[in-house]
2 protein chains.
Amino acid sequence: MPTIKDVAKYANVSVATVSRVLNKKGYVSKEAEENVLKAIADLNYKPNSVARSLYHKTSKMIGLLIPDISNPFFPELARAVEDVALTYGYTVVICNTDEDIRKEAQYLEALQQKYIDGLILTTNQLSADNYENLGIPLVALDRQFSNRVPTVSSKNYEGARQATEYLIENGSEFIAHIRGPYHVKPADDRYQGFKDVVEEQGIAHIVVDCDFTMASAMEVTEGLFEKYSTIDAVFASSDIIAAGVLKVAKNINKRIPEDLQIIGFDGIPLGEMLTPALTTVAQPIYKMGALSARLLIKQIEKEPLDLINYEVKTTIQYRETTRSDT
Amino acid sequence: MPTIKDVAKYANVSVATVSRVLNKKGYVSKEAEENVLKAIADLNYKPNSVARSLYHKTSKMIGLLIPDISNPFFPELARAVEDVALTYGYTVVICNTDEDIRKEAQYLEALQQKYIDGLILTTNQLSADNYENLGIPLVALDRQFSNRVPTVSSKNYEGARQATEYLIENGSEFIAHIRGPYHVKPADDRYQGFKDVVEEQGIAHIVVDCDFTMASAMEVTEGLFEKYSTIDAVFASSDIIAAGVLKVAKNINKRIPEDLQIIGFDGIPLGEMLTPALTTVAQPIYKMGALSARLLIKQIEKEPLDLINYEVKTTIQYRETTRSDT
DNA sequence: AAAGTGTATGTAACGGGTTACATGTAAGGG
DNA sequence: CCCTTACATGTAACCCGTTACATACACTTT
């Protein structure tokens with residue numbers, strides 16, 4: 001690998017001049033510039049970004065902290081972040097934290113030592129201070145933890161309300177909500193949206209807990225249907241949960257959507273692949289990822305942000321696990 | 001952020017001594033060591049990995065080149081690579097190439113400039129030279145392109161044979177194979193396995209082309225069933241394709257597995273979530289990712305490799321889209 | 001003609017580590 | 001008692017860019 005010195009020697013100029021040409025900064029005569037450009041081409045020189053990093057204390061890398069890339073919600077998000085990052089010349093380091101405080105701390109340390117330029121957080125086991133003390137730009141995605149950190153999230157409360165109202169419009173009279181983990185903001189908000197609607201309208205309902213895995217969803221659902229055979233709709237806090245509900249329901253020969261309506265949340269690709277295809281409150285996942293990445297890069301490049309909290313709209317994807325009201 | 005100089009000053013020693021303590025190299029008295037350790041603790045010093053990279057020309061980072069993280073085959077792979085990398089102190093840079101030669105070249109350049117320590121390739125649009133000229137360790141995952149590069153793949157040919165034989169044992173007499181893209185090694189091998197078995201056994205068959213997307217699979221399958229209504233089994237080259245076949249088959253009210261058996265390939269989590277659950281030739285995806293990462297790190301750390309080509313076994317996951325022969 | 005301004009280029013310090021080499025001390029061998 | 005060797009530590013060069021600063025020349029300006 002040739003270095004800037006090789007280029008300087010080949011072009012008969014000093015390294016400073018080469019650097020000036022590279023960075024288009026300072027005065028350089030046309031002649032010198034041409035020589036340098038030719039040297040660069042002839043030697044196939046590429047500036048070394050590590051050396052640059054060392055001097056500038058930046059790395060053109062951003063970190064994406066997620067619980068687990070194998071959770072189907074995250075690949076599309078990661079993809080969006082990566083796409084945007086690439087167009088701005090950044091690379092993305094993916095960190096699967098498993099919501100484990102130790103792993104998170106380990107990553108944070110490693111990233112900081114690499115002069116990571118910014119972080120997108122979809123996980124926050126550590127306290128807000130731990131992130132803010134890093135002294136680098138942050139974006140919180142799908143959770144919020146400090147009013148100084150820009151946030152991207154979707155209207156979970158409103159989406160949950162719409163889903164619930166839709167089930168009611170379609171004639172359901174006893175609705176179960178399978179909620180996600182406590183203190184996870186989106187799960188809490190979706191629960192609240194559901195609760196408010198059923199209470200306002202005086203609809204029979206039941207809420208059960210679940211984590212965001214299909215196995216847990218199936219277990220919970222089996223118990224639920226045993227106890228309450230008259231449940232005629234389920235609002236699941238995620239599509240994965242909904243997939244579990246669907247599977248159990250079909251196993252015990254419930255007709256869907258005639259006997260039981262199901263509506264999920266998230267809008268992951270899985271929903272479409274199921275039969276019947278899952279009706280769901282879709283979040284614009286790609287858009288959320290892309291937006292976070294852009295917000296992060298804006299901060300890194302010291303551009304002003306229009307807003308600090310971005311809330312994107314959800315839309316119900318009407319598919320086959322609900323009865324149409326039209 | 002304190003530097004090694006701050007530590008040296010605080011501990012009343014030279015930077016060389018601090019470095020010796022950090023790297024456990026060379027002679028250091030107990031006394032000096034204690035002072036340094038205390039200084040490190042007091043100042044909360046963390047060595048700067050960029051500076052280290054610059055000197056050592058390594059980065060403790062590995063690159064994972066994949067076509068698209070939103071393709072459900074890759075998240076689990078990426079997860080495995082990341083898990084192994086983390087335990088050895090490496091971080092992973094994910095690169096979605098979309099099998100696009102330009103993007104690949106762009107990544108390769110960026111990674112090289114960052115002193116990336118090694119690359120796991122699941123994509124190879126560029127010619128083998130382009131990778132080997134990088135002068136860094138490589139592992140080819142699920143495709144092979146040079147006999148100097150260690151490879152991890154599964155027994156695609158054998159798996160395809162087993163799948164086909166299984167369909168025949170279960171009484172199918174007209175089998176369709178929906179194959180993946182040409183010149184993609186796994187797709188070619190699976191096709192060959194299928195072809196050999198049906199020809200050996202003189203079974204009626206048809207092969208159609210498809211890329212690895214569900215939309216394409218559905219389109220192809222619709223045409224297929226229109227033309228050949230007596231097809232009684234499909235061997236799909238991937239689970240995504242199989243999901244598409246299943247969806248189309250259900251739409252036209254074929255009973256599964258009574259009228260039509262379906263078997264996929266890959267063993268992605270989606271298969272289990274479908275109803276009926278998809279029978280498939282499962283690859284040990286996590287294991288393959290973990291193995292590649294370990295092979296790569298072994299090369300980086302100059303440890304000898306036992307083997308250059310690792311072929312892992314596939315296993316049929318007997319689920320609900322095939323008739324049991326037991 | 002002296003001073004000021006814009007252009008052009010080179011030298012060297014810097015960023016934060018690592019390590020070759022020089023130097024120095026103490027212990028052990030003959 | 002001198003020499004070798006192990007131990008201990010510091011100085012400075014090095015990795016590869018970036019940039020502050022010094023220098024120098026060609027024009028203007030007054």
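Each chain gets a letter, A, B and so on, in the order its sequence line appears, and its residues count up from 1.
Here the P atom of nucleotide dG17(C) and the NE2 atom of His56(B) are 13 Å apart, to the nearest Å. Rounded to a whole Å, the NZ atom of Lys24(B) is 14 Å from the P atom of dT19(C). What separates CG of Asn23(B) from P of dG16(C) is a distance of 17 Å, to the nearest Å.
Under the 3.5 Å distance criterion, the side-chain polar atoms of Ser59(A) are matched with a main-chain donor or acceptor of Tyr115(A). No donor-acceptor pair under 3.5 Å is formed between the side chain of Asp211(A) and the backbone N or O of Pro181(A).
Proximity of Pro150(A) to Gln299(A): side-chain heavy atoms (C-beta onward) are separated by under 4.5 Å at one or more points.
Among residues two or more places apart in sequence or in another chain, the salt bridge (Lys or Arg N to Asp or Glu O under 4.0 Å) test is passed with Glu311(A) by Lys155(A). Not counting sequence neighbours, the partners of Lys46(B) by the side chain to side chain donor-acceptor pair (under 3.5 Å) test are Asn44(B).
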Going by atom type alone, with no hydrogens or angles, which donor-acceptor pairs under 3.5 Å involve a side-chain atom of residues 290-298 of chain B and a protein atom two or more places apart or on another chain?
unit_1    : atom_1 : unit_2    : atom_2 : d
Ser292(B) : OG     : Met288(B) : O      : 2.6

Enumerate donor-acceptor pairs with a distance under 3.5 Å from any side-chain N or O in residues 69-81 of chain B to protein atoms, sequence neighbours excluded.
unit_1   : atom_1 : unit_2   : atom_2 : d
Ser70(B) : OG     : Asp68(B) : OD1    : 2.7
Ser70(B) : OG     : Asp68(B) : OD2    : 3.3
Asn71(B) : OD1    : Phe73(B) : N      : 3.0
Arg79(B) : NE     : Asp83(B) : OD1    : 3.0
Arg79(B) : NE     : Asp83(B) : OD2    : 3.4
Arg79(B) : NH1    : Asp68(A) : OD1    : 3.0
Arg79(B) : NH1    : Asp98(A) : OD1    : 2.8
Arg79(B) : NH2    : Asp98(A) : OD1    : 3.3
Arg79(B) : NH2    : Asp98(A) : OD2    : 2.7
Arg79(B) : NH2    : Asp83(B) : OD1    : 3.2

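Comment: Arg143(B) engages Glu99(B) in a salt bridge, judged by a side-chain N to carboxylate O separation of less than 4.0 angstrom.
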Any N/O pairs under 3.5 Å between the protein and nucleotides 4-8 of chain D? List them or say none.
unit_1 : atom_1 : unit_2   : atom_2 : d
dC7(D) : OP2    : Tyr27(B) : OH     : 2.8

Give every pair of a protein N or O atom and an N or O atom of nucleotides 10-16 of chain D that lie under 3.5 Å apart, one pair per line with the distance.
unit_1  : atom_1 : unit_2   : atom_2 : d
dG10(D) : OP2    : Ser14(B) : N      : 2.7
dG10(D) : OP2    : Ser14(B) : OG     : 2.8
dG10(D) : OP2    : Thr17(B) : OG1    : 2.8
dG10(D) : N7     : Arg20(B) : NH2    : 3.4
dG10(D) : O6     : Arg20(B) : NH2    : 2.5
dC15(D) : O3'    : Lys57(B) : NZ     : 2.9
dC16(D) : OP1    : Lys57(B) : NZ     : 2.4

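A sub-4.0 Å separation between OP1 or OP2 of dT19(D) and a side-chain N or O of Lys25(A) is present.
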